[in-house]
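Quick note on labels: first sequence line is chain A, next is B, and so on, each numbered from 1.
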Amino acid sequence: MGAALTLDLTADAPDVARAMIGWTLLVDGVGGPVVETEAYRQDDPASHAYPGRTPRNAVMFGPPGRFYVYLSYGIHWCVNVVCGPEEVGSAVLIRALEPVHGIQTMRERRGREPLRELTSGPGRVGQALGAGPWLNGGVVHLAPPDRDREVVATVRIGITKAVDRPWRFLDPASPYVSRRARTAA
DNA sequence: CTATAGATAATCT
DNA sequence: GATTATCTATAGG
């Protein structure tokens with residue numbers, strides 16, 4: 001079957017996160033198909049929106065289809081797409097994508113790294129796309145997938161709360177996903 | 001290959 | 001002052 005032609009950003013965050021796999025994300029012509037996402041909802045202790053509206057997460061409570069960009073650990077700009085039923089404060093974190101458009105630009109921004117490590121991780125994606133405060137609140141541009149992709153759900157990574165929720169979605173066939181899922185045997 | 005710690009700045013208590 | 005939706009470098013097998 002052909003891939004979906006529309007993406008309902010007003011759906012529940014986990015549904016949007018799963019549906020977004022395979023869609024091509026472009027920032028100023030640079031980007032590629034999304035292969036790894038994570039969902040964050042307001043009723044989710046791990047979400048930035050959980051404590052309520054603050055200056056940083058204000059965009060999450062705005063209309064869907066906008067970028068929510070924040071600085072992580074003082075060095076990494078992480079890119080999210082605001083989604084959710086209404087303005088409830090949910091978003092999808094872009095954890096990895098396949099470098100297809102503007103590879104040269106991404107390499108220059110990240111400094112000659114192997115293609116495989118260009119965009120395999122939230123901080124890397126942010127740096128490769130040239131994300132920053134100026135992108136926060138901007139309109140997201142997504143192009144439909146060329147073909148179907150397998151999608152699996154796993155637990156999220158790098159969080160300390162609500163670790164059990166299987167809201168990380170990825171394409172297991174793509175070599176560009178971040179692989180740090182092995183913690184237990 | 002795995003494991004551990006350091007970097008580094010905004011946000012929150 | 002503590003915490004964080006991370007990455008990289010370094011040490012060890």
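- Contact between the side-chain N/O atoms of A:T160 and the OP1/OP2 oxygens of C:dT3 is not found at any separation under 4.0 Å.
- B:dT8 is unpaired under the criterion used here, namely a Watson-Crick or G-U wobble arrangement in which both key atom distances are under 3.5 Å.
- Between A:R168 and A:E36 there is a salt bridge, since at least one side-chain N of the basic residue sits less than 4.0 Å from a carboxylate O of the acidic one.
- Following rounding to the nearest Å, A:Y50 (OH) and B:dT13 (P) show an atom-to-atom distance of 12 Å.
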**Asked** Yes or no on ring pair (Phe, Tyr, Trp, His ring centres under 6.0 Å) for A:Y40 and A:H48, after CA distance, side-chain angles and deciding distance?
**Response** CA-CA 8 Å; A:Y40 289 90; A:H48 285 171; 7.4 Å; no

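- Pair check for C:dA5 finds none; no Watson-Crick or G-U wobble contact set falls under 3.5 Å.
- In A:D43, the CG atom is crowded: over 12 heavy atoms of neighbouring residues, nucleotides or ligands sit closer than 6.0 Å.
- The side chain of A:R110 has C:dC7 as its nearest neighbour among C:dC7, B:dT11, C:dT4.
- Rounded to whole Å, the distance from CD on A:E113 to P on C:dA9 is 8 Å.
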N/O-N/O pairs, protein side and nucleotides 5-9 of chain B side, under 3.5 Å:
from: B:dT8; atom 1: O2; to: A:Y73; atom 2: O; distance (Å): 2.4
from: B:dA9; atom 1: O4'; to: A:G74; atom 2: O; distance (Å): 3.3
from: B:dA9; atom 1: N3; to: A:G74; atom 2: N; distance (Å): 3.4

**Prompt:** Can A:T154 and A:W167 be said to form a side chain to side chain contact (heavy atoms under 4.5 Å, CB included), step by step?
**Reply:** CA-CA 6 Å; A:T154 68; A:W167 288 351; over 6 Å; no

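- The pair A:R41-A:D12 meets the salt-bridge criterion, with a side-chain N (NZ, NE, NH1 or NH2) lying under 4.0 Å from an Asp/Glu carboxylate O.
- At whole-Å resolution of the value, NE2 in A:H48 and P in B:dT13 are 12 Å apart.
- Between the side-chain ring of A:Y70 and the base of B:dA10, no stacking contact exists by the 5.5 Å and 30° definition.
- As judged by a 4.0 angstrom heavy-atom cut-off over every strand, A:Q127 is placed among residues making no nucleic acid contact.
- Of all nucleotides present, none satisfies the Watson-Crick or G-U wobble test against B:dT13 with each distance under 3.5 Å.
- For the OP1/OP2 pair of C:dT8 and a distance below 4.0 Å, the side-chain nitrogens and oxygens of A:R124 include at least one atom meeting the criterion.
- For the pairing with A:M20, the side-chain contact (heavy atoms from CB on, under 4.5 Å) check across A:V81, A:L25, A:V151 returns one residue only, A:V81.
- We find that CG of A:N136 is positioned 10 Å from P of B:dT11, with the value rounded to whole Å.
- Taking the side chain of A:M60 as heavy atoms from C-beta on, and the options C:dT4, C:dA5, C:dC7, the nearest nucleotide is C:dA5.
- Of all nucleotides listed (B:dC12, C:dT6, C:dT8), C:dT6 comes nearest to the side chain of A:P122.
- Positionally, the nearest nucleotide of DNA chain C for A:A49 lies more toward the 5' end than for the other of A:E117 and A:A49.
- A:R156 has no carboxylate O lying under 4.0 Å from a charged side-chain N of A:E38, or vice versa, which leaves the two without a salt bridge.
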**Message:** Assess the residue pair A:V27 and A:F67 against the criterion (side chain to side chain contact (heavy atoms under 4.5 Å, CB included)); give the C-alpha distance rounded to whole Å, side-chain angles, the decisive distance to 0.1 Å, and a yes or no.
**Reply:** CA-CA 10 Å; A:V27 176; A:F67 281 115; 3.9 Å; yes

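- The CG atom of A:D44 sits 14 Å away from the P atom of C:dT4 (whole-angstrom rounding).
- Taking atom CH2 on A:W77 and atom C1' on C:dT4, their separation rounds to 14 Å, with Å as the unit.
- Under 4.0 angstrom from either OP1 or OP2 of C:dT6 there lies at least one side-chain N or O belonging to A:R95.
- When the C1' atom of C:dA5 is taken as reference, atom CG of A:L170 falls 16 Å away, rounded to whole Å.
- Taking atom CZ of A:R56 as the reference point, atom C1' of C:dT3 lies 10 Å away to the nearest angstrom.
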